[in-house]
Amino acid sequence: MKESIQEYLAELEDIPGTRVYTAQRARQGYWMNQFAMSLKSAANRERWKADEKAYLADWPMTEEQRQSVLDRDYNRMLELGGNIYFLAKVFSSDGLSFVQAVSTMTGMSVDDYQTMMRAGGRSPDGVRSIRDSD
Amino acid sequence: MAKIVAGIASSHIPALGAAIDHGKTGEDYWRPAFAGYEWTKEWLRKSAMPDVVILVYNDHASAFDMNIIPTFAIGCAEKFDPCDEGWGPRPVPVVEGHADLAWHLAQCLILDEFDMTIINKMDVDHGLTVPLSLMFGQPDAWPCKVVPLAVNVVTYPPPTGNRCWALGEAIQRAVESFPEDLNIQIWGTGGMSHQLQGSRAGLINAAWDNRFLDRLIGDTDELRHIPHIEYLRETGSEGIEMVMWLIMRGALGKKTRCLHRHYHVPASNTAMGHLVLEPE
């Protein structure tokens, strides 16, 4: 590779409003993502819905991670090492679609977010780089 | 001798599968998204039904959790069940594999210095079943066999675009050494621009996407040199899935011609793109 791994990783951290799922995040979020993965099973979903706190107690996550899940604070979950495809098992258990769950991370209402998407989505202009702020 | 006769690129957005499964494809929101597949469905049904599809897709925390993260995995089983992604399994047929071809590909690719992971039991998620639904509709059984080829594009780093293209070239060589007469298509799925996380979610870049589509056609190979950071900045954090289209493109040889092209925004959070290519 032309650049060093340090340069490669530094670039990944230079995107506004984005947490790229790097090795560091994968390690930090390992148990949170494995917990989320367990909700693929219908039997586990039932147990989860019956008592979320008790279900989370079975997983060696940090208190912050547990609280972010209970709060359905997806941006916080991402900060603490969550990955959206794993976390999708949490919002699908809540009966939410990707659009409904994803819009909660943008500070927009679902309707406003949908309106933005129908109008062609969010432009990359101005949100390509933190360093250069375009 | 087996031969790769065509390539198909398509988004594999889960909401498209849900719209099909729940009979919503005629609704105003969805009609333009699905209209772009009518040409392809007709073409496949009338004159181009393959014996086997090598279907390049990514697993979305379905078959693979955080314990095993294969960069390139090839499904060598006789069948693959649709998996429960949290909403219950999609009501689609079981996917029939082609174990002889899959094992042949695995052996050839490993000897060609691509260190494939061989998978014998694997449930398949929307990444694989949504493209099948888009191309084949809702049959009782899928009309051809499928060799799943799963690529890690979730945990960084995913493979480079150049490596994906080169894998496609190796797949073409491997197919041509398979003794049985088989018409094979290779499908590259995922994309196009989309971001499903954080305050930048909803990002769409139609201009970039269309330049990408342009460059899958003809004899240019410049797409193989796009770095990961460009996909991330220009097409959103999930736009990186487009590296999988380069495996398809690499497997079509030096030059392609375009039979059909479709682009539509939005489908759920995502820009959808679709191409039908033939080697030229």
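Lettering follows sequence order; numbering is per chain, from 1.
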Least distance between heavy atoms, [X] atom then [Y] atom:
X: B:I204; Y: A:M117; result: CG1-CE, 3.7 Å
X: A:M105; Y: B:Q197; result: SD-CA, 3.8 Å
X: A:V99; Y: B:S268; result: CG2-OG, 3.2 Å
X: B:R233; Y: A:R128; result: NH1-O, 2.8 Å
X: A:G17; Y: B:S199; result: CA-OG, 3.2 Å

Among B:A18, B:P157, B:S62, B:A15, which residue forms the greatest number of heavy-atom pairs with chain A at distances under 4.5 Å?
->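 Going by pairs under 4.5 Å, I would pick B:S62.
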
Taking B:N269, B:V265, B:V154 one by one, which has the highest count of heavy-atom pairs under 4.5 Å against chain A?
-> B:N269

Flag yes if more than 12 heavy atoms outside A:Q100 fall under 6.0 Å of its CD atom; otherwise flag no.
->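 More than 12 heavy atoms, drawn from other residues, nucleotides or ligands, come within 6.0 Å of this atom.
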
Rounded distance [0.5 Å steps], [atom1] in [X] versus [atom2] in [Y]:
X: A:R122; Y: B:H194; atom1: CZ; atom2: NE2; value: 15.0 Å
X: B:D65; Y: A:M37; atom1: CG; atom2: CE; value: 5.0 Å
X: B:T155; Y: A:Y21; atom1: OG1; atom2: OH; value: 5.0 Å
X: B:L203; Y: A:T18; atom1: CG; atom2: OG1; value: 8.0 Å
X: A:R25; Y: B:Y156; atom1: CZ; atom2: OH; value: 11.5 Å

Are the side chain of A:K89 and the backbone N or O of B:A61 linked by a donor-acceptor pair below 3.5 Å?
->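 Side chain of A:K89 to backbone of B:A61: a pair is present.
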
Check: B:R200 side chain, A:P124 main-chain N or O, donor-acceptor pair, under 3.5 Å | no

Segment of [X] engaging chain B (4.5 angstrom heavy-atom cut-off):
X: A:F98; result: both
X: A:E11; result: both
X: A:R19; result: both
X: A:D14; result: both

Taking the six-membered ring for Trp and the full ring for Phe, Tyr or His, determine whether the centres of A:Y8 and B:H228 are under 6.0 Å apart.
->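 Judged by ring-centre distance (under 6.0 Å), A:Y8 and B:H228 do meet the cut-off.
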
Pairwise side-chain contact, B:L196 with A:Y74, heavy-atom cut-off 4.5 Å (strictly under) = no

Would you check if B:M66 and A:F86 make a side-chain contact, meaning some heavy-atom pair closer than 4.5 Å?
->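 Side chain of B:M66 against side chain of A:F86, heavy atoms only: contact under 4.5 Å found.
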
Check the side chains of A:S92 and B:E85 for a donor-acceptor pair under 3.5 angstrom, ignoring hydrogens and angles.
->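 No pair is found: no donor N or O on one side chain lies under 3.5 Å from an acceptor on the other.
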
Does one side chain, of A:Y85 or B:D125, offer a donor that lies under 3.5 Å from an acceptor on the other?
-> no

If you count heavy-atom pairs under 4.5 Å between each of [options] and chain B, which one has the most?
options: A:I84, A:N75, A:I15, A:L12; result: A:I15
options: A:G29, A:S93, A:G120; result: A:G120
options: A:V20, A:L39, A:L9, A:N33; result: A:V20

Is it the backbone or the side chain of B:A206 that comes under 4.5 Å from a heavy atom of chain A, or both, or neither?
-> neither

